[in-house]
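Report on one structure; see the data block that follows.
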Amino acid sequence: MSDLWQVYAVKYAERNARTRADSFIFDDHPAAAHGMDYFVWVLQNGSRTIVLDTGYGMDEAKRRDRPILRDPAQAVAALGISAETVDTVIITHLHYDHAGGLDLFPSATFHMQVAEMAYATGPCMCHDTLQMPFTADHVCEMVRHVYSGRVVFHDGSGQVAPGVRVHCVGGHSRGLQVVEVDTETGPLCLASDATHYYENFLQKKPFPIVADVQNMLDGYGTLMQLGKTAARIIPGHDPLVTQYFPQFDQIDFAWRLDKGPLAKADILKI
Ligand SMILES: [Zn+2]
Ligand SMILES: [Zn+2]
């Protein structure tokens with residue numbers, strides 16, 4: 001078993017009826033269109049598969065009127081992965097689009113941060129604005145998994161497997177964690193919603209769904225420490241990822257991340 005991992009981004013939804021005001025607290029062109037892609041990520045090392053986040057399924061799509069292109073379990077099946085048998089899932093945070101598919105992974109142990117469970121079940125959820133990105137059923141489902149022994153909590157930095165480390169950055173959600181993965185080309189930082197877009201962290205422009213702006217801005221610095229260069233930091237929702245990285249194996253909704261971006265990708269020009 002190798003401690004070096006192959007890493008894939010798998011897209012399951014997109015939402016284009018939104019503007020730059022939905023992506024940046026301060027922006028010169030707030031009414032301009034700004035699309036968003038939704039991903040889960042897959043780590044493989046030859047003998048082991050780890051899935052990062054679970055997306056959301058048809059029920060949640062209907063509830064929020066945010067249709068999906070494909071069920072996240074079907075999406076990872078295209079890579080030859082049976083969601084039913086995956087034993088390790090990292091949950092970056094409990095927002096509906098990351099923890100909405102817990103039931104798709106019935107054999108999994110879920111890795112999450114102590115601070116995220118405290119936030120999602122604590123007094124901040126008395127505020128409509130703060131609870132908006134959460135769905136109570138997903139949070140309750142995770143609480144039940146705690147009681148049945150299927151949750152591993154990390155408090156800050158921790159190791160999920162050799163070569164796979166998590167780090168709590170907070171900001172967007174109180175216990176948001178990012179994932180640092182060792183690959184043949186060096187460590188890769190899967191940022192999830194620590195930076196939705198390249199522009200958030202490169203231009204230090206906070207995303208409007210935020211629990212703590214200072215932690216979000218500090219988190220942009222943490223990403224650079226972990227990834228070293230922008231090319232090794234993967235934003236959670238940026239459609240540019242699908243242009244910058246090579247498509248994987250003729251699957252038009254999967255991209256391979258660990259070999260680095262395509263030569264034509266000019267990430268720092270953002
Ligand atoms: Zn989020
Ligand atoms: Zn998200």
Side-chain angles (χ1 to χ4, degrees), residues 9-18 20 22-25 34-42 51-57 60-61 63-70 72 75 89-102 104 110-113 115-121 124-125 127-139 141-142 166-179 189-201 205-213 215-217 219-220 222-223 233-242 253:
V10 184
K11 177 175 159 177
Y12 69 92
E14 62 188 19
R15 194 155 61 91
N16 295 314
R18 58 193 302 289
R20 289 178 63 83
D22 297 320
S23 303
F24 309 107
I25 290 181
H34 204 237
M36 175 176 269
D37 282 354
Y38 293 73
F39 302 95
V40 298
W41 298 268
V42 171
V51 172
L52 175 52
D53 287 336
T54 65
Y56 63 93
E60 188 70 10
R63 193 179 303 156
R64 291 189 183 248
D65 193 21
R66 292 185 176 179
I68 53 176
L69 298 167
R70 55 194 67 83
V89 172
I90 300 170
I91 297 294
T92 61
H93 59 309
L94 287 171
H95 286 174
Y96 78 95
D97 56 321
H98 298 261
L102 300 178
L104 303 174
F110 299 102
H111 290 253
M112 65 174 294
Q113 287 285 327
E116 185 66 359
M117 183 58 89
Y119 181 55
T121 56
C124 285
M125 294 304 108
H127 299 292
D128 288 349
T129 305
L130 295 178
Q131 68 161 255
M132 178 267 291
F134 295 91
T135 294
D137 283 349
H138 304 156
V139 177
E141 205 174 338
M142 191 61 105
V166 292
H167 304 279
C168 186
V169 303
H172 167 67
S173 190
R174 195 77 74 188
L176 171 72
Q177 59 183 356
V178 302
V179 182
C189 177
L190 295 166
S192 183
D193 291 2
T195 191
H196 288 66
Y197 296 90
Y198 286 104
E199 197 171 340
N200 291 114
F201 82 95
K205 293 166 75 169
F207 189 83
I209 297 177
V210 57
D212 186 309
V213 174
N215 283 349
M216 183 177 276
L217 291 167
Y220 297 152
T222 304
L223 296 180
I233 297 166
I234 310 298
H237 288 276
D238 199 330
L240 287 173
V241 169
T242 71
F253 53 85

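From a predicted model like this one, the values you see are computed outputs, not experimental measurements. Atoms within each ligand, like the ligands themselves, are counted from 1 in listed order. Residues take their numbers from the sequence shown, with the count starting at 1.
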Any residue meeting side-chain hydrogen bond (donor to acceptor under 3.5 Å, both in side chains) with Thr135, in chain and number order, not counting sequence neighbours: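 With sequence neighbours excluded, Thr135 shows a side-chain hydrogen bond (donor to acceptor under 3.5 Å, both in side chains) to Glu60, Arg64, given in chain and number order.
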Check whether any side-chain heavy atom of Asp193 lies under 4.5 Å from a side-chain heavy atom of Thr92, and answer yes or no.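 A side-chain contact under 4.5 Å is absent here.
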Do the rings of Phe134 and Tyr119 sit parallel, tilted or perpendicular, given the 30° and 60° boundaries?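 The rings of Phe134 and Tyr119 stand perpendicular, inter-plane angle above 60°.
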Relative to each other, are the rings of Tyr12 and Tyr56 parallel, tilted or perpendicular (30° and 60° limits)?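 Correct class here is perpendicular.
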May I ask you to say whether Glu199 pairs ionically with Arg20, meaning some side-chain N is under 4.0 Å from a carboxylate O?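 Yes, charged N to carboxylate O under 4.0 Å.
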Residue-atom pairs from the protein, N, O or S only, that lie under 2.8 Å from the Zn ion (ligand 2):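 Under 2.8 Å from the Zn ion (ligand 2) - ignoring waters, which are not counted - the protein N, O or S atoms are Asp97 OD2, His98 NE2, Asp193 OD2, His237 NE2.
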If only atom types and distance count, is the side chain of Asn200 paired as donor or acceptor with the main-chain N or O of Lys205 below 3.5 Å?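 Yes; at least one donor-acceptor contact below 3.5 Å.
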